[in-house]
Visitor: 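I am attaching a structure below and will ask some questions about it afterwards.
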Amino acid sequence: MSRLGLVLVLGVLAAALAATPAFAATVDNGLSLAEAVELALANSQELKQAYLEVEAAKETRREAWETYNAVLLRTYIPGQDLYVSLPTGEDPQGLVYITNFNWLVKQKNYEAKKDSVIATVYKKYYGLLQEIEKIRAQELALAEKEKQLANAEARYKVGMETAVSLQGMRAEIARVQAVLAEAKNGLERTYAELAELLGLPVDSRPILTESPVYEPLRVEDPEKAIEEITENSPAVWIANEAVRLERDTYGMLHNYDVDKAELNKAKADVAVARESTRQLTRTLYYTAKSLEESCTTAQENLRLAELSLRVARLRYEVGMATQADLLAAEAALAQAKQAFLALQCQHDLLKMAFYKPWTAGVVLGTGSGGDQTATTASSQSGSSGR
């Protein structure tokens, strides 16, 4: 890389790093998803490394063109966009094509890595929302059961409750306490993971200001959308570029039989990448659509729980319900909120993965990415000699 290129790259990175602490100071007033994404993109070391790889490949491409430009100009046929063929092993145009391909691949992988970072932010952010809601639900469940135990102990004193029943209630309270303690540990762990992702102090506890909004996945023509997403995926795009590379360098650095075999393999790689991506995208679509029935049911359960709590409060205010009844309604509402939020988060992440299936590994927790493919010319089976 030239000195000027290095200065520009370092300048961009320095500006991003300098901006992060000042921006991070605002999270005390709340942290939106957009702010979290901005912080994560500025903090990601993998993304910075991918950016530097793009710049290095770009510089290599420039140097290859400058090195062989004189030869190319002498062999160029005006008006034909063609070059006179040179003997095998002497045509430098092959290297120009290869370095251009490698640059395109690095650029595409950088874009896919950026999508993966964004998907990771959404997953961590939503995970934290769910941990918070889970703790609220468990705290209310514990309060309800403790009130039930207190009432049962009062009945026991007058012979209206058995010791076995009290023992069972105490065991249930111990179970809820254990679940609550585990949830609090999970919350601390998730906070630390989000802070690390965003480049914040590990003990940061930002207030999350957004929650997912349930919107069904609406696609007018699913199969058409699946095809478009498939063709735009990094794996298929890079595989198609590999075919282009084989065609552009056909017969230059190998004999025609070798190049024919390499071209056929590159075409087969496109078919494999296309089919696997198509299947993944279709699975994500129908998984999201299947989840929508559960979302609708959970949404209705939440509405009923809210109504039940309003009724319980009115009854309590006029003396027709006990405090235990009110606590039970509050606990039921918290559980309904927790259940609906979990489905909302899952559905929203599935929609994200559907439109960008190369992030499916992040969203589904099966890996660091979906069909992202970091292929370069040197790793193509027949291009190592170029």
Visitor: Evaluate the criterion side chain to side chain contact (heavy atoms under 4.5 Å, CB included) for residue pair Glu59 and Arg62; output intermediate values, then yes/no.
Guide: CA-CA 5 Å; Glu59 183 69 12; Arg62 184 191 63 79; 2.4 Å; yes
Visitor: Are Met169 and Leu140 linked, directly or through intermediate hydrophobic residues, by side-chain heavy-atom contacts shorter than 4.5 Å (ILVMFWY only)?
Guide: no
Visitor: Does a salt bridge link Arg205 with Glu188, judged by any charged N lying under 4.0 Å from a carboxylate O?
Guide: yes
Visitor: Give the minimum heavy-atom separation between Lys48 and Ala42, together with the two atoms involved.
Guide: CE-O, 3.0 Å
Visitor: Do Gln177 and Lys145 come close enough that some side-chain heavy atom pair is under 4.5 Å?
Guide: no
Visitor: Look only at the side chain of Lys260 and the backbone of Tyr250, and say whether a donor-acceptor pair between them is shorter than 3.5 Å.
Guide: no
Visitor: Would you say the side-chain atoms of Thr120 pair up with the backbone N or O of Ser116, donor to acceptor, closer than 3.5 Å?
Guide: yes
Visitor: Going from CG on Leu142 to CD1 on Ile135, what distance comes out if it is rounded to the nearest 0.5 angstrom?
Guide: 12.5 Å
Visitor: May I ask you to list the residues sharing a hydrophobic cluster with Leu327, side-chain cutoff 4.5 Å, ordered by chain and number?
Guide: none
Visitor: State, to 0.1 Å, how close Val117 and Ser44 come at their nearest heavy-atom pair, and which atoms those are.
Guide: CG2-OG, 3.8 Å
Visitor: Which atoms form the tightest heavy-atom contact between Thr249 and Asp259, and what is the distance?
Guide: O-OD2, 3.7 Å
Visitor: Taking NZ, NE, NH1 and NH2 as the nitrogens, is one of them in Lys265 or Glu262 under 4.0 Å from a carboxylate oxygen of the other?
Guide: no
Visitor: If you define the side chain from C-beta out and look only at heavy atoms, does anything of Gln346 sit under 4.5 Å from Leu291?
Guide: yes
Visitor: Mind checking the OG1-CG spacing from Thr322 to Asn151? Nearest 0.5 Å is all I need.
Guide: 7.0 Å
Visitor: Taking only residues two or more places apart in sequence, or in another chain, which ones meet Glu161 in a side chain to side chain donor-acceptor pair (under 3.5 Å)?
Guide: Arg155, Ser165
Visitor: When you look at Val363 and Lys123, which way does the side chain to side chain contact (heavy atoms under 4.5 Å, CB included) test go after all the steps?
Guide: CA-CA 7 Å; Val363 169; Lys123 185 168 185 179; 5.7 Å; no
Visitor: Answer yes or no: is there a side-chain heavy-atom contact under 4.5 Å between Leu33 and Tyr126?
Guide: yes
Visitor: Is there a donor-acceptor contact under 3.5 Å from the side chain of Thr281 to the main chain of Phe354?
Guide: no
Visitor: Using the rule that Ile, Leu, Val, Met, Phe, Trp and Tyr join whenever any side-chain heavy atoms are under 4.5 Å apart, tell me whether Leu341 and Leu304 fall into a single cluster.
Guide: no
Visitor: Could you walk me through whether Val121 and Leu39 pass the side chain to side chain contact (heavy atoms under 4.5 Å, CB included) test, one step at a time?
Guide: CA-CA 10 Å; Val121 172; Leu39 284 170; over 6 Å; no
Visitor: Passes salt bridge (charged side-chain N to carboxylate O under 4.0 Å, His left out), Arg136 versus Glu139? Steps please.
Guide: CA-CA 5 Å; Arg136 289 173 181 165; Glu139 287 176 340; over 6 Å; no
Visitor: Hydrogens and angles aside, do Asn102 and Thr99 bring a side-chain donor and acceptor to less than 3.5 Å of each other?
Guide: no
Visitor: Under the salt bridge (charged side-chain N to carboxylate O under 4.0 Å, His left out) rule, what do Glu241 and Arg244 come out as? Steps first, then yes or no, please.
Guide: CA-CA 5 Å; Glu241 287 299 313; Arg244 185 193 302 273; 3.4 Å; yes
Visitor: Is Tyr97 reachable from Val105 through a run of hydrophobic residues whose side-chain heavy atoms are each under 4.5 Å from the next?
Guide: yes
Visitor: Give a yes or no on this: more than 12 heavy atoms of other residues, nucleotides or ligands lie within 6.0 Å of atom CD of Glu46.
Guide: no
Visitor: Keeping Asn100 on the side-chain end and Val96 on the backbone end, is there a donor-acceptor pair under 3.5 Å?
Guide: no
Visitor: If a pair satisfies salt bridge (charged side-chain N to carboxylate O under 4.0 Å, His left out) and one of its residues is in residues 340-365, list it, with sequence neighbours excluded.
Guide: Asp115-Lys356
Visitor: Side chains of Val243 and Leu263: does their closest heavy-atom pair fall under 4.5 Å?
Guide: yes
Visitor: Please check if atom NZ in Lys114 has more than 12 non-hydrogen atoms from other residues, nucleotides or ligands closer than 6.0 Å.
Guide: no
Visitor: Does Val272 belong to the same Ile/Leu/Val/Met/Phe/Trp/Tyr cluster as Ile229, with side-chain heavy atoms less than 4.5 Å apart forming each link?
Guide: no
Visitor: Compare all side-chain heavy atoms of Leu104 with those of Trp237 and state whether any distance is below 4.5 angstrom.
Guide: yes
Visitor: Go through Glu300 and Arg303 one step at a time and tell me if the salt bridge (charged side-chain N to carboxylate O under 4.0 Å, His left out) criterion holds.
Guide: CA-CA 5 Å; Glu300 178 62 17; Arg303 188 188 68 80; 2.7 Å; yes
Visitor: Same cluster or not: are Leu314 and Leu307 linked, directly or through other Ile, Leu, Val, Met, Phe, Trp or Tyr residues, by side-chain heavy atoms under 4.5 angstrom apart?
Guide: no
Visitor: Going by the side-chain contact (heavy atoms from CB on, under 4.5 Å) test, name the single residue among Thr277, Ile226, Thr230 that passes it with Pro357.
Guide: Thr277
Visitor: Got a second to check how far Glu292's CD is from His347's NE2, nearest 0.5 Å?
Guide: 3.5 Å
Visitor: State whether the side chain of Gln338 and the backbone N or O of Ala137 hold a donor-acceptor pair below 3.5 Å, judged by distance alone.
Guide: no
Visitor: If you look at every heavy atom in Ala329 and Ala312, which pair is closest and at what distance?
Guide: CB-CB, 3.8 Å
Visitor: Tell me the closest heavy-atom pair linking Tyr156 and Ala163, and the distance in Å.
Guide: CE1-N, 3.7 Å
Visitor: Working note: Glu182 + Lys134, criterion salt bridge (charged side-chain N to carboxylate O under 4.0 Å, His left out); need CA distance, chi angles, decisive distance, verdict.
Guide: CA-CA 10 Å; Glu182 182 181 354; Lys134 181 178 180 180; 5.6 Å; no
Visitor: Dump the intermediate steps for side chain to side chain contact (heavy atoms under 4.5 Å, CB included) on Glu223 and Arg282, then the final yes or no.
Guide: CA-CA 8 Å; Glu223 287 303 317; Arg282 186 179 290 115; 2.9 Å; yes
Visitor: Hey, what else clusters with Phe340 if you join Ile, Leu, Val, Met, Phe, Trp, Tyr whenever side-chain heavy atoms sit under 4.5 Å?
Guide: Tyr214, Leu302, Leu309, Tyr316, Leu326, Leu333
Visitor: Give the C-alpha distance, both sets of side-chain angles, the deciding distance and a yes or no for side chain to side chain donor-acceptor pair (under 3.5 Å) between Gln107 and Glu111.
Guide: CA-CA 6 Å; Gln107 195 170 38; Glu111 295 168 0; 5.2 Å; no
Visitor: Between the side chains of Lys224 and Glu227, is the shortest nitrogen-to-carboxylate-oxygen separation below 4.0 Å, so that they form an ion pair?
Guide: no
Visitor: Any ion pair linking Glu172 and Arg175 (charged N to carboxylate O, less than 4.0 Å)?
Guide: yes
Visitor: Other members of the hydrophobic cluster containing Met320, with the 4.5 Å side-chain heavy-atom rule, please.
Guide: Val318
Visitor: Is a side-chain donor-acceptor pair under 3.5 Å present for Gln49 with Gln45?
Guide: no
Visitor: Supply the atom-to-atom distance Leu349 CG to Gln344 CD, rounded to the nearest 0.5 angstrom.
Guide: 11.5 Å
Visitor: Considering only distance and modelled atom types, tabulate donor-acceptor pairs under 3.5 Å from the side chains of residues 190-200, sequence neighbours left out.
Guide:
unit_1 : atom_1 : unit_2 : atom_2 : d
Thr190 : OG1    : Gly186 : O      : 2.8
Glu193 : OE1    : Lys124 : NZ     : 2.9

Visitor: Working to the nearest 0.5 angstrom, can you tell me the gap between Leu187 CG and Leu128 CG?
Guide: 6.0 Å
Visitor: Which distance, rounded to the nearest 0.5 Å, do you find between the OG1 of Thr359 and the OH of Tyr122?
Guide: 11.5 Å
Visitor: Is Lys337 salt-bridged to Glu133, cutoff N-O under 4.0 Å?
Guide: no
